[in-house]
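One-based numbering along the sequence shown.
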Amino acid sequence: MAAKSSAPRAPRSAYRCADCGWTTAKWVGRCGECQAWGTVEEVAAPSGPRTAPARAVRRAAQPIAEVDAQEASAAPTGVDELDRVLGGGVVPGAVVLMAGEPGVGKSTLLLEVAARTATTGKTVLYVTGEETAAQVRLRAERIGALRPRLFLAAENDLAAVLAHVETVSPDLLVVDSVQTVASAAVEGAAGGVTQVREVAASVIATAKERGMATLLVGHVTKDGSVAGPRVLEHLVDVVCTFEGDRHSRLRMVRAVKNRYGPTDEVGCFDLSEGGITGLVDPSELFFSRTTTPVPGTCAAVALEGRRPLVLEVQALVAPAAGGSPKTRSTGLDASRVALAVAVLQARAGLLRTPSDVFTATVGGVRTTEPGVDLALAVALAGACFDSALPPGTVAIGEVGLSGDVRAVPGTERRLAEAARVGMQRAVVPRGALGVQPPGATPPWGSMRVLEVDDVRSCVLQLFAAHDGDPGRGHRPPPGEL
């Protein structure tokens, strides 16, 4: 009987999803992780031993109580709104991924951060892979970011980037963007799963070894997620998303993941030709201070993270053109607008004739928060009656399908912000306010508060009774709070 061959088996190839990095032993048409079609590709089998041999450690293990916690203390970037999101600043050796759509202002913000950091005497290296050095220099000149300790390099090769790091020895490294840098050690085009993983792993290892804070710019896909493998989000320490409408000056930065700080803070910025600046009081952009009451408007307070933002909701109701009513919304969630219209029809007896409904927010701010529902319903009712609310009126609450009005988190904080910007009257769900101690001044000061149970009673108390169906030419006086 012939002896069995002891020759080692040839390594078998594997298949990997180009979007999320999911691997499988055989080819499938649909990724089992992200459910994308046609993204599973064959990859070469790994060669060499899977486990590296043991080697001498650089630093011996020590008791956890003896570890110096000051090494993880955050250093301010000089941009207060970004420091708010990061939890005080960037920690030495931390890697921050800044993701956002093209043209939203990521490069402008990070160039501003690089200039502010270089002003403090630290050395900063800005590596651009998408633009030439001259283009970045022109942007820096426009926003006033020319600093002697800010170094600029235009590179797409990973080895060249690491060589610049070795030469400059920066305290802060900015890579714009990680999808444009490629490594010659692995196959594939820049931006692919293999390349992004290799580039990110090499940059992160260098940052940890040198104690160098690193900011990476990341692209996003059509659905808004970070492009490349999802493992990139797990490798970095902080993941921030840069949001904003191209037609609006407002930009928001949110922390999706943060190993050194909170994930419920929001940074607000104003993007203009002169650069990007933090907004300490962003409510000024979203609220129009008009002395003349306008029908179909109502102020609301949205809670973005921990920050309350006062905004203005506008509504317009017109006879349906051609007999087919339509609903259009700008800045508000279309499903919540449709819900408010349906509740007013079924529970308050409004909008029963075919009408076109248009809703919008002032300043281009976008919100999907339920706390704006009551202000939207009040604005729609005012548009139906063609009657304006008293100046300085704000409405806070969520509207249910039964027409009831529900409390939302942070009602007292919202009222305090509304009082700070000059609101004088507020409409809230009954029971939304906690019991105030006798003789104590509430956070909203002397602002008059009306508690309502449902949308119908809210409309009846805010707008005087009318005879017949509400029409465009009928203007009843507003009710008193």
Side-chain angles (χ1 to χ4, degrees), residues 64 67-100 104-106 109-110 112-113 116-117 172 174 204 207-208 211 213-218 220 224-226 230 232-244 250-270 276-283 285-286 301-311 365-372 396 407-418 420 434 443:
I64 189 172
V67 177
D68 187 8
Q70 296 299 324
E71 295 182 0
S73 59
T77 63
V79 181
D80 295 339
E81 289 298 304
L82 182 60
D83 291 341
R84 174 200 295 267
V85 177
L86 297 177
V90 182
V91 176
V95 180
V96 180
L97 176 64
M98 184 72 67
V104 76
K106 303 183 300 296
L109 174 61
L110 295 188
E112 180 72 22
V113 171
R116 296 284 184 90
T117 305
L172 174 65
V174 180
I204 292 173
K208 301 297 183 183
T214 304
L215 302 176
L216 303 179
V217 176
V220 296
S225 59
V226 180
R230 294 298 301 271
L232 180 60
E233 300 181 30
H234 299 286
L235 290 176
V236 298
D237 300 302
V238 183
V239 179
C240 294
T241 58
F242 207 110
E243 306 171 0
L250 174 68
R251 299 293 186 268
M252 288 187 176
V253 176
R254 306 173 189 268
V256 179
K257 168 190 175 182
N258 193 349
R259 291 175 177 169
Y260 306 105
T263 57
D264 55 356
E265 285 286 2
V266 177
C268 298
F269 297 88
D270 182 14
I276 189 167
T277 57
L279 291 175
V280 180
D281 188 10
S283 298
L285 287 179
F286 319 135
V301 184
L303 202 59
E304 297 290 345
R306 297 182 181 179
R307 170 176 289 187
L309 301 178
V310 180
L311 54 96
V365 60
R366 294 182 177 272
T367 179
T368 59
E369 213 221 334
V372 186
I396 303 170
V408 292
T411 300
E412 296 185 0
R413 193 188 316 165
R414 300 173 196 247
L415 289 178
E417 176 66 14
R420 188 189 66 82

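- In this structure a side-chain-to-backbone donor-acceptor pair under 3.5 Å is present from Glu81 to Cys268.
- Side-chain N or O atoms of Lys106 include none that pairs as donor or acceptor with a backbone N or O of Val217 at under 3.5 Å.
- Ile396 contributes atom CD1, which lies 6.5 Å from atom OG1 of Thr411 (distance to the nearest 0.5 angstrom).
- Ion pairing between a basic and an acidic side chain is recognised when a charged N comes within 4.0 Å of a carboxylate O; Glu417 and Arg414 show no such pairing.
- The two residues Ala302 and Leu311 have their closest heavy-atom pair at CB-CD2, 3.8 Å.
- Comment: Arg116 engages Glu112 in a salt bridge, judged by a side-chain N to carboxylate O separation of less than 4.0 angstrom.
- Side-chain atoms of Asn258 come within 3.5 Å of backbone atoms of Leu86 as a donor-acceptor pair (strictly under, hydrogens ignored).
- Side chain to side chain, Thr77 and Asp83 meet the donor-acceptor criterion of an N or O pair below 3.5 Å.
- Distance check: Thr277 OG1 to Asp270 CG gives 4.5 Å after rounding to the nearest 0.5 Å.
- Between Ala213 and Val90 the shortest heavy-atom distance is CB-CG1, 3.3 Å.
- A distance of 11.5 Å separates CG in Leu97 from OG1 in Thr214, rounded to the nearest 0.5 Å.
- The shortest heavy-atom contact between Leu250 and Met252 is CD2-CE, 3.7 Å.
- At distances below 3.5 Å, at least one donor-acceptor pair connects side-chain atoms of Arg251 with backbone N or O atoms of Val104.
- Note that the CG atom of Leu303 and the OG1 atom of Thr367 stand 9.5 Å from one another [nearest 0.5 Å].
- Side chains of Val113 and Val174 form no contact here, defined as non-hydrogen atoms less than 4.5 Å apart.
- Counting only heavy atoms from C-beta outward, the side chains of Arg366 and Glu243 never approach each other to under 4.5 Å.
- Across all non-hydrogen atoms, the minimal contact from Gly211 to Pro92 is O-CB, 3.6 Å.
- A distance-only check finds no donor-acceptor pair linking the side chain of Asp264 to the backbone of Arg306 [under 3.5 Å].
- Of all heavy-atom pairs spanning Phe269 and Val253, the tightest one is CE1-CG2, 3.6 Å.
- Panel note: side chain Arg254, backbone Glu304; no donor-acceptor pair is recorded below 3.5 Å.
- Contact between Glu233 and Val236 at its shortest, heavy atoms only, is O-CG2, 3.6 Å.
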### Query
Passes side chain to side chain contact (heavy atoms under 4.5 Å, CB included), Met98 versus Leu215? Steps please.
CA-CA 7 Å; Met98 184 72 67; Leu215 302 176; over 6 Å; no

